[in-house]
Engineer: 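Pasting a structure here, questions to come.
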Amino acid sequence: MEKIRVELGERSYDIITGSNNLGGIGDALKPFGLSPKIAIVTNPTVFSLYGKRVSDSVKKAGFDLLVVTIPDGEEYKDLLRLQHIYDELLAHKLDRSSALIALGGGVTGDITGFAASTYMRGISCIQVPTTLLAQVDSSVGGKTGVNHKLGKNMIGTFWQPSLVWIDVVTLKTLLRRELLAGLAEVIKYGVIYDIDLFTFLEVNRDKILNLDTDALTYIIRRSCEIKADVVSKDEREAGLRSILNYGHTIGHAIETVTGYTRFLHGEAVAIGMYLEARLSQMLNLIDKDQVFRIKAIIDSYGLPSEMQADIDINGILSSMQLDKKAVAGELKFILPEKIGRVKIYKGVTEKSIRESLRS
Ligand SMILES: NC(=O)c1ccc[n+]([C@@H]2O[C@H](COP(=O)([O-])OP(=O)(O)OC[C@H]3O[C@@H](n4cnc5c(N)ncnc54)[C@H](O)[C@@H]3O)[C@@H](O)[C@H]2O)c1
Ligand SMILES: [Zn+2]
């Protein structure tokens, strides 16, 4: 087992990575001085796979455990299910020293983190992410939230977890498509921050796709280290943290225009990463061979890279203007200058964006 520290002063916490380590969670909670009453929030899919191991461990460590389940799916990351979580916590008298354990993917992590940040003005949250996306991205960094009918993730808080506990082996039951979508975020870390991670992904593709534990552990740790480093320098996205949005400006717009049904988030980000690299090339910020390498790695992992012809370019453009990350209507792009380094770039003209989307 290995520890990565997210340095955030009094809000610092550890990310533990290991294999077959779910049985260790209960003991890991002991030093936090928690009330005996704690709750796991999860969904039926994940609970049937890993619920018993986590519950047994937590109960064995002496806690009085409540299990709250929410249905499986992004559409349940909403205010109604949040209300259900509060109802359960109150009915079972969880108190100000209680903790919530989020067991599942990013959907579970986001709604549980939000519930923890608001229940009795804020209680501890332990993230136990079981998708690759959640392990390398959503469980670290403290963004929590639920969707509103007028927009995704529109209601939320910054609330850092007290602990992130990752069992790499849980990825063995994940759907292939979900795994690949998570890998898009790992590729992102390589492009924005770490040429060595990028090269590792190129060289070890088969091992990673065959779920080799050591290879997975390496890419998950490295991704968490990068996210931890970025978040500890800019917790609330005043500047640097926005580099994590590489591929996301166009990616989010693609998700919106296609109604969130055609692509998984990581797939849309994969297209976004290639198109934003191409935009960077058009602005003469990056060499063609580097853009080629970015496209090649996306393709080699079976992720989409090209904008499909039937996607409405005007819709993409107007959706980007509405993105909550566009400050005062000025679009900001994270553009690679070479693999391992990006630049925050403002003032890209609509014409350049149109060209990069089309060619
Ligand atoms: N807070 C953040 O910083 C942040 C960052 C990125 C994404 N997100 C959010 O994360 C969410 C997406 O997360 P996700 O991709 O993990 O989706 P998800 O939570 O819906 O999980 C995907 C599917 O995999 C299932 N699953 C989870 N673990 C499994 C396992 N080990 N084996 C088999 N099946 C398993 C889930 O039940 C679900 O059906 C979105 O709501 C997004 O907004 C948040
Ligand atoms: Zn993302």
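We count ligands from 1, going down the list as the structure has it; atoms in each ligand are counted the same way. Note that the structure is a prediction, hence the values are computed from the model and not measured.
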Engineer: Are any of the N or O atoms of T170 closer than 3.5 Å to those of ligand 1?
Structural biologist: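 Between T170 and ligand 1 (N or O atoms, distance only) the closest approach is under 3.5 Å.
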Engineer: Among the N/O/S atoms of E185, which is closest to the Zn ion (ligand 2)? Give the atom name.
Structural biologist: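 The closest N, O or S atom of E185 to the Zn ion (ligand 2) is OE2.
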Engineer: Quick one: do the T118 and Y86 side chains pair a donor with an acceptor below 3.5 Å?
Structural biologist: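 Yes, side-chain donor-acceptor contact under 3.5 Å.
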Engineer: Checking a contact table here: which protein heavy atom is nearest atom 9 (C) of ligand 1, and how many Å away?
Structural biologist: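 Of every protein heavy atom, D110 OD2, 3.3 Å lies nearest to atom 9 (C) of ligand 1.
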Engineer: Using a 3.5 Å cut-off on N or O atoms only, is D137 in polar contact with ligand 1?
Structural biologist: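 Not met; the criterion fails.
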Engineer: With only distance considered, is G106 within less than 3.5 Å of ligand 1 through an N or O on each side?
Structural biologist: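 Min N/O separation from ligand 1 is below 3.5 Å for G106.
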Engineer: What I want to check is whether the side chains of Y50 and T42 have a donor and an acceptor closer together than 3.5 Å.
Structural biologist: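 Checked: Y50/T42 side chains show no N/O donor-acceptor pair below 3.5 Å.
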Engineer: How far is atom 23 (C) of ligand 1 from the closest protein heavy atom, and which atom is that?
Structural biologist: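 Going by distance alone, atom 23 (C) of ligand 1 is nearest to E178 OE2, 3.8 Å.
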Engineer: Among all protein heavy atoms in this structure, tell me which lies nearest to atom 34 (N) of ligand 1, with the distance rounded to 0.1 Å.
Structural biologist: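 Minimum-distance protein heavy atom for atom 34 (N) of ligand 1 reads L174 CD1, 4.0 Å.
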Engineer: Do you see a donor-acceptor pair shorter than 3.5 Å between the side chains of Y13 and Q160?
Structural biologist: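 Yes.
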Engineer: Of all N, O or S atoms in H248, which has the smallest distance to the Zn ion (ligand 2)?
Structural biologist: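 In H248, the heteroatom (N, O or S) nearest the Zn ion (ligand 2) is NE2.
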Engineer: Run the numbers for me: atoms of ligand 1, each under 4.0 Å from some heavy atom of N153, listed by number.
Structural biologist: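 So the answer, numbered in order with elements, is 43 (O).
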Engineer: Considering only protein heavy atoms, which is closest to atom 41 (O) of ligand 1, and at what distance to one decimal place?
Structural biologist: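 The protein heavy atom lying closest is E74 OE1, 2.7 Å.
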Engineer: Using side-chain heavy atoms (C-beta onward) and a distance below 4.5 Å, is T108 in contact with T130?
Structural biologist: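 Counting from C-beta outward, T108 and T130 never come under 4.5 Å.
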Engineer: Does any donor atom in the side chain of N204 or Y218 lie under 3.5 Å from an acceptor atom in the other side chain?
Structural biologist: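 Short answer, no.
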Engineer: Is there side-chain contact between K143 and R241, with heavy atoms separated by less than 4.5 Å?
Structural biologist: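 The answer is yes; the side chains approach within 4.5 Å.
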Engineer: Counting non-hydrogen protein atoms only, what is the nearest one to atom 4 (C) of ligand 1? Give residue, atom name and distance.
Structural biologist: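 The protein heavy atom lying closest is S138 CB, 3.2 Å.
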Engineer: Hey, is T45 touching ligand 1 through its side chain, its backbone, both or neither, going by heavy atoms under 4.0 Å?
Structural biologist: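 The part of T45 near ligand 1 is the side chain, not the backbone.
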Engineer: Side chains of Q290 and S280: donor-acceptor distance under 3.5 Å anywhere?
Structural biologist: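 Side-chain D/A pair, Q290 to S280: absent.
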Engineer: Counting C-beta onward and ignoring hydrogens, is there a side-chain heavy-atom pair between I38 and L65 closer than 4.5 Å?
Structural biologist: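 Yes. Closest side-chain heavy atoms under 4.5 Å.
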Engineer: Which is closest to atom 42 (C) of ligand 1 in terms of heavy atoms, H265, K77, Q127?
Structural biologist: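 It is K77 that holds the nearest heavy atom.
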Engineer: Quick one: OG1 on T217 to CE on M1, what's the gap to the nearest 0.5 Å?
Structural biologist: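 Those atoms lie 12.5 Å apart.
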Engineer: Do the non-hydrogen side-chain atoms of Y345 and L279 ever get within less than 4.5 Å of each other?
Structural biologist: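 Heavy-atom side-chain distance check fails, nothing below 4.5 Å.
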Engineer: Below a 4.0 angstrom heavy-atom separation, can you tell me which part of L133, side chain or backbone, both or neither, approaches ligand 1?
Structural biologist: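 For L133, only side-chain atoms sit under 4.0 Å from ligand 1.
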Engineer: Could you find the nearest protein heavy atom to atom 36 (C) of ligand 1 and give me its residue, atom name and distance?
Structural biologist: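 Residue, atom and distance for the closest contact: D72 OD1, 3.7 Å.
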Engineer: At what distance is the nearest protein heavy atom to atom 18 (P) of ligand 1, and which residue and atom is it?
Structural biologist: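 Checking every protein heavy atom, the shortest distance to atom 18 (P) of ligand 1 gives V107 CG2, 3.9 Å.
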Engineer: Regarding R221 and E225, does a basic nitrogen lie under 4.0 Å from an acidic carboxylate oxygen?
Structural biologist: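 No, no charged N to carboxylate O under 4.0 Å.
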Engineer: Answer yes or no: is there a side-chain heavy-atom contact under 4.5 Å between K233 and D229?
Structural biologist: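 Yes, close enough: below the 4.5 Å cut-off.
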Engineer: Looking at CG of L103 and CD1 of I126, how far apart are the two atoms once the value is rounded to the nearest 0.5 Å?
Structural biologist: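 Answer for the CG-CD1 pair, L103 versus I126, is 12.0 Å.
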Engineer: Please indicate whether any nitrogen or oxygen in L171 is less than 3.5 Å from any nitrogen or oxygen in ligand 1.
Structural biologist: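 N/O-N/O distance under 3.5 Å: no.
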Engineer: Non-hydrogen atoms of E185 versus ligand 1: any pair closer than 4.0 Å?
Structural biologist: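 For ligand 1, residue contact (heavy atoms, under 4.0 Å) with E185 is absent.
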Engineer: Counting each atom of ligand 1 from 1 as listed, which ones have a heavy atom of V46 under 4.0 Å away?
Structural biologist: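 Those of ligand 1 that fall under 4.0 Å from V46 are 26 (N), 27 (C), 28 (N), 37 (O).
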Engineer: Does any donor atom in the side chain of N314 or R354 lie under 3.5 Å from an acceptor atom in the other side chain?
Structural biologist: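 Yes, because at least one side-chain N or O of N314 sits under 3.5 Å from a partner of the opposite role on R354.
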Engineer: Check whether any protein heavy atom sits under 4.0 Å from atom 25 (C) of ligand 1.
Structural biologist: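 Under 4.0 Å from atom 25 (C) of ligand 1, zero protein heavy atoms found.
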Engineer: Taking only heavy atoms of Y50, which atoms of ligand 1 are found under 4.0 Å from at least one of them?
Structural biologist: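 The list of qualifying atoms is 31 (N).
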Engineer: Distance-only, no hydrogens or angles: does the Y301 side chain make a donor-acceptor pair with backbone N or O of L201 under 3.5 Å?
Structural biologist: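 Checked: pair present.
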Engineer: Examine the proximity of ligand 1 to L49 and report which part, side chain or backbone, both or neither, has a heavy atom under 4.0 Å away.
Structural biologist: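 Within the 4.0 Å criterion, L49 contacts ligand 1 through side-chain atoms alone.
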Engineer: Pairs of nitrogen or oxygen atoms closer than 3.5 Å, one from T173 and one from ligand 1: do any exist?
Structural biologist: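 There is such a contact, yes.
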Engineer: For ligand 1, note which part of N147 has a heavy atom under 4.0 Å away: side chain, backbone, both or neither.
Structural biologist: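 Contact part for N147 vs ligand 1: neither.
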Engineer: Measuring from atom 21 (O) of ligand 1, which candidate in L179, N43, T130, T131 has the nearest non-hydrogen atom?
Structural biologist: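 Looking at heavy atoms only, T131 sits closest to atom 21 (O) of ligand 1.
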